[in-house]
Amino acid sequence: MRIRVESKLPEGLDAVVVARFSGSEEVPAGLDQAVTGLLGKVKEIGGAEKFLETENILLTDSTTAKRLVVMGAGKQEDFDVMKARQLAGTAARSLRKKGAQKLGFVFPAGEKGPDYFQAYAEGVVLSTFEPGFYHTGENKDTKVLEDVVFLSASSDATLKDRVERGVVVAEGQNFARTLANEPPNNMYPARLAEEAEKMSKEVGLDFHVLDEKQLEEGGFKAILAVGQGSIHPPRMIVMKYNGAGDAPYIGVVGKGITFDSGGISIKPAESMDQMKFDMSGGAWTIGTMRILAQLKPKINVIGVVAAAENLPSGSAYRPGDVVGSLEGKTIEVLNTDAEGRIVLADGLAYARKLGATRLIDMATLTGAAVVAVGHVATAVFTSDQAWTDKFLQIAREDGERAWQLPLFPEYTEQIRGTTGDLLNTGGRWGGASTAAAFLKEFTGGVPWIHLDIAGTAHPESEKPYIAKGSSGQIIRTLVDFLIDTGENAA
Ligand code: BES
Ligand code: MG
Ligand code: ZN
């Protein structure tokens with residue numbers, strides 16, 4: 001797919017999509033006569049008044065396009081980056097599904113033009129992801145976009161740069177979604193490591209992986225305990241991006257449970273299939289590293305994915321077990337289904353061992369986070385408020401939902417162990433916060449942000465521009481936040 005910005009639409013498009021603010025009389029510049037005339041008609045009848053509502057018109061005498069789609073952009077004063085992304089993505093996805101290959105977009109620009117144009121590009125690229133990897137024959141979706149042109153009256157070069165940036169970010173997101181969408185019979189820890197290695201070689205990241213033998217020698221007792229019930233042993237996957245010489249590293253740590261059955265504390269059968277997505281934090285980490293390698297900012301980031309499969313078997317870890325960790329602290333297992341925090345304990349400690357002086361982790365960690373903020377927002381916890389305020393601000397600017405939940409010292413009281421140092425569950429109430437309190441014990445007191453993506457990584461329903469399944473949500477905020485943090489540290 002080619003995505004570009006042009007000052008004139010080319011001939012022979014399958015469709016030209018014109019966004020229209022409700023109640024607006026403005027006719028966009030740069031359209032041919034036939035199109036402008038039709039737009040005038042649409043306004044007369046009053047179509048596409050609501051956000052994402054469309055009016056579809058066949059163009060019989062236009063050389064520009066076969067059809068005109070007028071799409072509601074909603075009220076001008078409500079328009080923002082999130083809406084921009086939805087607008088472009090919705091149009092691109094529905095037209096592609098109807099067989100269109102060449103599209104022209106005439107979308108709002110103005111003062112925030114560069115931000116909007118990046119969002120349009122992101123929306124289009126995100127809309128091309130479909131989860132039917134193993135569809136055969138007629139089920140296979142073979143429809144692809146070939147050419148997407150954004151019309152811009154301005155010759156501002158930043159528009160082009162931002163469209164390119166949007167493509168890189170969204171492609172990184174789609175890469176992460178691809179990893180997460182793979183079924184668990186094909187996506188086990190060693191396979192995730194292979195994919196991360198292949199990607200690292202392609203984009204020029206330093207890479208290494210610890211296999212079960214190296215994990216044993218290194219004292220990674222926590223992740224080994226979680227993985228010991230599966231024939232697929234755990235892996236600790238490391239990718240390093242160096243863009244700022246010997247400046248300190250920020251560590252990004254992802255939960256990579258390639259399948260979470262719950263283990264001996266087994267989950268109910270209903271929706272257990274969804275637990276193939278329990279490596280989303282790891283997939284997001286790998287996608288983030290890929291984007292950084294392509295954008296080449298002047299920062300240093302180390303990505304760590306703690307990958308294991310959580311299954312019940314004769315060799316599985318049990319409720320009641322006390323297991324060690326790389327950090328040295330002992331963990332009293334009350335519930336083998338609270339496995340994410342156990343693998344992350346070793347992931348967080350290892351990232352610090354490798355030189356990270358700040359930490360951000362991403363994990364589909366708790367059902368409690370989904371209860372609290374639904375499938376709408378990423379739940380945020382922290383040991384450093386000022387740094388987190390910046391994260392929340394960037395999420396707002398990037399049009400992604402993130403909301404902070406508390407991490408009071410009382411939650412740490414709930415996980416004080418009887419036989420071991422720490423319990424791996426803090427009881428029924430405040431489950432997202434007690435999980436965060438557990439992780440904090442493995443951060444060595446460095447600034448740390450925990451993102452519980454359980455609700456947002458794989459929402460239950462599809463959106464017009466996001467196919468069912470893996471979302472990639474919060475990756476773009478993380479990328480912008482890492483760049484901001486690294487640059488301001490220098
Ligand atoms: N992977 C799950 C959390 C999860 C639940 C993610 C729903 C996405 C959707 C995690 O490993 C888990 O099972 N957590 C338990 C913890 C409990 C046993 C303390 C939970 O949230 O029920
Ligand atoms: Mg679990
Ligand atoms: Zn899990």
Side-chain angles (χ1 to χ4, degrees), residues 80-82 115 169 241 243-255 281 284-285 288-289 291-292 295 297-304 327 341 344-345 347-349 351-363 365-366 369 372-373 376-413 430 432-453 456 473-490:
D80 59 11
V81 165
M82 193 188 280
D115 291 343
V169 173
Y241 169 73
D246 49 15
Y249 276 85
I250 311 170
V252 176
V253 182
K255 168 178 173 181
W284 282 201
T285 301
T288 299
M289 296 308 292
I291 296 168
L292 293 176
L295 294 181
K298 291 193 177 63
I299 60 170
N300 288 340
V301 179
I302 188 154
V304 175
E327 183 79 7
R341 65 199 75 184
L344 286 172
L348 291 163
R352 271 167 38 237
K353 213 169 181 181
L354 294 172
T357 56
R358 287 169 176 273
L359 294 167
I360 304 166
D361 76 75
M362 290 183 283
L365 201 63
T366 65
V373 289
V376 174
T378 294
V380 182
F381 302 83
T382 187
S383 64
D384 187 309
Q385 194 56 50
W387 194 36
T388 304
D389 288 341
K390 190 75 204 181
F391 180 88
L392 296 169
Q393 181 201 329
I394 289 175
R396 281 193 296 274
E397 287 166 4
D398 283 3
E400 291 198 300
R401 303 282 189 214
W403 201 260
Q404 190 176 349
L405 295 179
L407 186 38
F408 298 121
E410 287 88 334
Y411 297 118
T412 312
E413 294 305 312
S433 291
T434 50
F438 180 95
L439 295 181
K440 191 177 176 209
E441 294 301 308
F442 297 88
T443 61
V446 307
W448 156 75
I449 295 174
H450 159 53
L451 304 175
D452 195 331
I453 59 170
T456 50
Q473 204 171 310
I474 216 66
I475 291 179
R476 78 174 75 84
T477 297
L478 178 61
V479 165
D480 287 341
F481 178 63
L482 289 168
I483 293 173
D484 181 87
T485 300
E487 281 171 350
N488 289 330

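Side-chain atoms are counted along with the backbone in the values below, which use heavy atoms only and exclude waters and symmetry mates. Keep in mind it's a predicted model, so treat the numbers as computed, not measured.
- In this structure, H450 and L365 have side chains that are in contact, with non-hydrogen atoms separated by less than 4.5 Å.
- In this structure the side chain of M289 reaches within 4.5 angstrom of the side chain of V301, judged on heavy atoms.
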Mind listing the side-chain donor-acceptor pairs of residues 435-447 below 3.5 Å, one per line with the distance, residues two or more places apart or on another chain?
unit_1, atom_1, unit_2, atom_2, d
E441, OE1, K329, NZ, 3.1
T443, OG1, K440, O, 2.7

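- In this structure, the side chains of D398 and I394 come closer than 4.5 Å at one or more pairs of heavy atoms.
- Looking at residues two or more places apart in sequence or on another chain, you find no side chain to side chain donor-acceptor pair (under 3.5 Å) involving T288.
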Trace of the side chain to side chain contact (heavy atoms under 4.5 Å, CB included) decision for V252 with M362: CA-CA 8 Å; V252 176; M362 290 183 283; 3.9 Å; yes
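- Of the inter-residue distances, the one linking D384 atom CG with R358 atom CZ reads 6.0 Å to the nearest 0.5 angstrom.
- For T412, the side chain to side chain donor-acceptor pair (under 3.5 Å) criterion is met by no residue, not counting sequence neighbours.
- Across all non-hydrogen atoms, the minimal contact from L292 to P297 is O-CD, 3.4 Å.
- In this structure, the separation between CG on L451 and CG on D361 is 6.5 Å, given to the nearest 0.5 Å.
- With rounding to the nearest 0.5 Å, the separation of CD1 in I291 from CG in L478 is 8.5 Å.
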Evaluation steps, side chain to side chain donor-acceptor pair (under 3.5 Å), between W387 and T485: CA-CA 8 Å; W387 194 36; T485 300; 3.0 Å; yes
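- Within the model, atoms CG of N488 and NZ of K390 stand 6.5 Å from one another, a figure rounded to the nearest 0.5 Å.
- Counting all heavy atoms, side chain and backbone alike, V253 lies closest to G347 at CG1-C, 3.8 Å.
- Contact check for L407 versus S383: no side-chain heavy atoms found under the 4.5 Å cut-off.
- In terms of heavy atoms, L344 sits closest to A363 at CD1-CB, 3.6 Å.
- Rounded to the nearest 0.5 Å, atoms OG1 (T366) and CD1 (I453) are 11.5 Å apart.
- Under the 4.5 Å side-chain criterion, counting only non-hydrogen atoms from C-beta, T382 is in contact with Q404.
- Y241 is listed as a side-chain neighbour of I299, based on a closest heavy-atom distance under 4.5 Å.
- Side-chain atoms of D80 come within 3.5 Å of backbone N or O of M82 as a donor-acceptor pair.
- To the nearest 0.5 Å, the span separating CZ on F481 from CD1 on I250 amounts to 7.5 Å.
- A donor-acceptor contact shorter than 3.5 Å is absent between the side chain of Y249 and the backbone of A351.
- Side chains of D389 and Q393: no donor on one and acceptor on the other come within 3.5 Å.
- Side-chain atoms of D452 do not come within 3.5 Å of backbone N or O of V380 as any donor-acceptor pair.
- Closest approach of A402 to A395, counting heavy atoms only: CB-CB, 4.0 Å.
- When every heavy atom of E327 is checked against every heavy atom of A349, the shortest pair comes out as OE1-CB, 3.4 Å.
- Shown here for A379 and A369, the closest heavy-atom pair between the two residues is CB-CB, 4.3 Å.
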With side chain to side chain contact (heavy atoms under 4.5 Å, CB included) as the test, would you mind laying out the steps for T378 and E400 before giving the verdict? CA-CA 9 Å; T378 294; E400 291 198 300; over 6 Å; no
